[in-house]
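Data block below; observations after.
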Number of protein chains: 2
Amino acid sequence: MAPQLDAYFKQVDSLSDAFIERLRKAVAIPSVSAEDERRPEVVKMGEFLASELKSLGAEVELRPLGKQPHKEHLDLPPVVVARYGNDSKKRTILVYGHYDVQPALMEDGWATEPFKLTVDDKGRMYGRGSTDDKGPVLGWLNAIEAHQKAGVEFPVNLLMCFEGMEEYGSEGLDDFIVEESKKFFKDADAVCISDNYWLGTEKPCLTYGLRGCNYYSIEISGPGQDLHSGVFGGTAHEPMTDLVRVMGTLVAPDGKILIKGIDDLVAPLTDDEKALYGDIAFTMDNLYESLGSITGIYPDKERTLMGRWRYPSLSLHGIEGAFSAPGAKTVIPAKVIGKFSIRTVPDMEIEAVDKLVYKHVNDAFAALGSKNKCHVYLQHAGKWWVASPKHWNFTAAGKAVEHVWGVKPDLTREGGSIPVTLTFEQATGKNVLLLPMGSSTDAAHSINEKLDKKNYIEGIKLLGAYLHYVAEEPMNQG
Amino acid sequence: MAPQLDAYFKQVDSLSDAFIERLRKAVAIPSVSAEDERRPEVVKMGEFLASELKSLGAEVELRPLGKQPHKEHLDLPPVVVARYGNDSKKRTILVYGHYDVQPALMEDGWATEPFKLTVDDKGRMYGRGSTDDKGPVLGWLNAIEAHQKAGVEFPVNLLMCFEGMEEYGSEGLDDFIVEESKKFFKDADAVCISDNYWLGTEKPCLTYGLRGCNYYSIEISGPGQDLHSGVFGGTAHEPMTDLVRVMGTLVAPDGKILIKGIDDLVAPLTDDEKALYGDIAFTMDNLYESLGSITGIYPDKERTLMGRWRYPSLSLHGIEGAFSAPGAKTVIPAKVIGKFSIRTVPDMEIEAVDKLVYKHVNDAFAALGSKNKCHVYLQHAGKWWVASPKHWNFTAAGKAVEHVWGVKPDLTREGGSIPVTLTFEQATGKNVLLLPMGSSTDAAHSINEKLDKKNYIEGIKLLGAYLHYVAEEPMNQG
């Protein structure tokens, strides 16, 4: 029989202001993992989480990860691990989230202060990290608090793993998870991660697949220092000229990856798989709304979803070292670093992709006949992941969604990568579920990132409900 | 007979510490004209110049130029105009310089604080603006002071015009010069500008030609906001993909401009002109030293000098709106602005070049078949200039160089553009001379910009000596 959740739900509603206040405090800490000078803020955010968890009665530990690779002057932020409940008769669920965020500057075009949670009249809560991933992380804490205040027994033992380097490739976390899978995490019966998004804005989903991400840098250098283009233009090989040409060979305007051999690594589309896309609740208008434009590549929903989920993509993110400010600067940059990443899918192995990328870039640069130097390297990589949606972990989550939102969730895959998902699956050997809280218009990684109040509050109910259904699901391995 | 300059020279030597102190004060004012928030510092620098001139007994006026075009919230910095001496029996020389500087940040890689003049044991005086153009501008003030303290009569009437927007296209100055050529500047018999550099590090030169500069922006936009490359990669047209491809069509790695029709605008090389290049004191090692690398395009001095002086060049300066910081950000930028400029030579008219650039960029973008939007426009332009080196203005300067440095100067052209040079020639109808103070390794517009103490002090002697020879030269129109 379905669990009795009314008391818990009521409590979540009556605590909603307090829960929004908790999110406001978290967003106010600019825990940007990509900016060295912000590292103390990242640590501060981890300590904030730890103290909140302690006050809820959880066992908490701040686990150091040592120095940051290639930046030995920097300590990696600690992993916050916690346990709530230790009843051998209950199932144990391991949840993961991250407390670091993407960079954000007012100059980037934010309408409100990125690190000040700002709620508008439509209940949209704007702020860096609101939806990625501070809202969902606090969701677990809020679920615990609501159970306590409602006097409802917590249905499972909860293990928590919150990291502070997710937006910078989860440096140092993999080894930690592998090690702790035999220790702190050893009791886990299944894993749940809330760090992705609904496909649209109306219908919840459960996610069983992710693309991977290989992030590369192409460094081209020549002169000993930046040069005046008037004095040296026309006499010296210019790194920007070379870099722009090399970057231009990577991908076509229609998104087709031009690196020889990449297509051969992609698993062919089967008829069964193809049939799945028709029923997904998604329209081209969903895409256009979240894009903020009608610049989609494909006219139809099916091919668009495949482009996001099951085919690789290559994006050029920017150039470090060139003139990037407004105005006019007549400089010849001496060293420029082009950044791009490839979203990977079955069966693209990280190293196989590296090999093709290095060969392509080095060949493309050699073809230029430039006297400058070119060095291409992988900044970080996370492999793609596909899980079984028939496991009790997914069944429980599906029932919880139906209970909270009154609709069966879509079973989806995601275009984004959450590298640790695969690590958890491999290290624990358990089923991993992705249970999103936010919607497609939340603009994670963009300006004006937000989380809708409704998604936050109902999301807290959902996380709690999921744990209750987990407690009742019969064993199966999916 | 040669003028008696020993007393003046001695005085310059004995005041050298004070003159370096004056430069230190000027460098300490970060008068960056391209950064809106630094505008008050630019104004402060103009006021510093005015007060120094007043204390030397010159008539000084700070002339407003009104609002900055396209930035109506900003006042343009004032033009500092001054007159020293008003004797109708003397010749009147109009000198120009600029008191604004290029942007400079410690993070760019400066070895010392860019706005703190730092003198090393080799007498290299590091600091933004030291050589471009605060050193030369103060050179005129120092020459006046040394004459006064040496009790040597000042040989000419000196008119001065110092602007604060040179590094941002000399906004507003042209109309001002045209107007004042009939008023404040009406007595000018010739013009002298010290805002360029020796070709090498040992031999001074006089410069009679400059390349022009057309500075362009290519703006490509699509999505309403930056996007997460995982969520949207492979489903939408990406502005960076388009921009990099368009920028890649502009210039070849060997510096050849690929915009159809540009070559046809370039005046053909005559045998007479070709013959001039052999004698110029310049070696490939001079180039390599100033480059800080051996990444020159041509193996020989002649073709290299032609590449700098008499052929056009195109440089890609950077991209605004893309990810430009260190680290890894998986963003799809929504709007990116590519910046590039073309150095122009006889007979390339500004508008003729615009027309070819716009057509090329629009055609190149159309060929991509992208749904994004592209807009190409001219940010600012300055025409090339070539003067007569046989005029008495040049003869006098040549004798002064020989007197101070003991060597006949090379007659050179420059790759850089000083747009006002042409404006002064056209507005006053007088001969314009470029009399450089700094050397080829001064790294103007780069990190670690410097001026050698010797070039500064001997340069002050040179400016004064030039005025004495000017006073003695017979009339000729060159």
Side-chain angles (χ1 to χ4, degrees), chain A residues 34 215 222-226 228-231 233-238 240-242 244-245 247-248 251 253 255 291-293 295-297 304 307-308 311 313 315-320 322-324 326-332 339 341 343 368 370-372 379 415-417 443-447, chain B residues 34 215 222-226 228-231 233-238 240-242 244-245 247-248 251 253 255 291-293 295-297 304 307-308 311 313 315-320 322-324 326-332 339 341 343 368 370-372 379 415-417 443-447:
Chain A
Y215 199 109
Q225 78 227 341
D226 287 0
H228 185 310
S229 65
V231 182
T235 68
H237 289 280
E238 303 187 14
M240 265 296 279
T241 301
D242 299 345
V244 156
R245 291 191 150 242
M247 290 176 88
V251 58
L291 274 180
S293 67
T295 55
I297 295 173
T304 296
R308 174 185 298 191
Y311 286 116
S313 64
S315 294
L316 307 174
H317 304 300
I319 295 174
E320 178 184 345
F323 177 55
S324 60
K329 188 177 178 185
T330 54
V331 64
I332 297 173
K339 317 271 183 89
S341 65
R343 298 287 166 170
L368 300 180
S370 168
K371 290 180 185 166
N372 293 322
Q379 254 199 58
S417 73
H445 291 218
S446 310
I447 57 169
Chain B
Y215 199 108
Q225 75 225 345
D226 287 0
H228 185 311
S229 64
V231 181
T235 68
H237 289 280
E238 303 187 13
M240 265 297 279
T241 301
D242 298 345
V244 156
R245 290 190 150 241
M247 290 177 87
V251 60
L291 274 180
S293 68
T295 56
I297 294 173
T304 296
R308 175 185 296 192
Y311 286 117
S313 65
S315 295
L316 306 175
H317 304 299
I319 296 174
E320 177 185 346
F323 176 55
S324 61
K329 188 176 177 185
T330 54
V331 64
I332 297 173
K339 315 272 183 89
S341 65
R343 298 287 166 171
L368 299 180
S370 168
K371 290 180 185 167
N372 293 321
Q379 253 196 63
S417 72
H445 290 217
S446 308
I447 57 169

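Below, chain A is the first sequence line, B the second, and so on; all start at residue 1.
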Among A/S313, A/G415, A/A236, the residue with the most heavy-atom pairs under 4.5 Å to chain B is A/A236

Quick check on B/Q225 against chain A: is it the side chain, the backbone, both or neither that has a heavy atom closer than 4.5 Å?
both

Dump the intermediate steps for side-chain contact (heavy atoms from CB on, under 4.5 Å) on A/T330 and B/H445, then the final yes or no.
CA-CA 8 Å; A/T330 54; B/H445 290 217; 3.2 Å; yes

A/S341, A/S370, A/A443, A/S229: which one forms the most heavy-atom pairs within less than 4.5 Å of chain B?
A/S229

Nearest heavy-atom approach of B/R308 to A/V231 is NE-O, 2.8 Å

Might you point out which heavy atoms bring B/G307 and A/T235 nearest each other, and give the distance in Å?
C-CG2, 4.0 Å

Rounded to the nearest 0.5 Å, the CD1 atom of A/I297 sits from the CD atom of B/E238 at a distance of 7.0 Å

Partner residues of B/A322 under the side-chain contact (heavy atoms from CB on, under 4.5 Å) criterion, sequence neighbours left out
B/M240, B/I319, B/P333, B/V336

Treating B/K339 as the side-chain partner and A/A328 as the backbone partner, does any N or O pair qualify as donor plus acceptor under 3.5 Å?
no

Between chain A and each of B/K371, B/Q379, B/R343, count heavy-atom pairs under 4.5 Å; write down the option with the most.
B/R343

I need the residue from B/A34, B/G255, B/G222, B/G233 with the largest number of non-hydrogen atom pairs under 4.5 Å to chain A.
B/G233

I'd like to know which of A/T304, A/V331, A/D242 tops the heavy-atom pair count under 4.5 Å against chain B.
A/V331

Could you tell me which residues satisfy salt bridge (charged side-chain N to carboxylate O under 4.0 Å, His left out) with A/K329, sequence neighbours excluded, listed by chain and number?
none

Exercise: identify the closest heavy-atom pair between B/P253 and A/H237
O-ND1, 3.0 Å

Which answer fits B/Y215, side chain, backbone, both or neither, if we ask what part of it has an atom under 4.5 Å from a heavy atom of chain A?
side chain

Top residue by heavy-atom pair count (under 4.5 Å) with chain A, among B/G327, B/A444, B/G416?
B/G327

Residue pair A/L316 / B/T241: nearest heavy atoms and the distance that separates them
CD1-CA, 3.9 Å

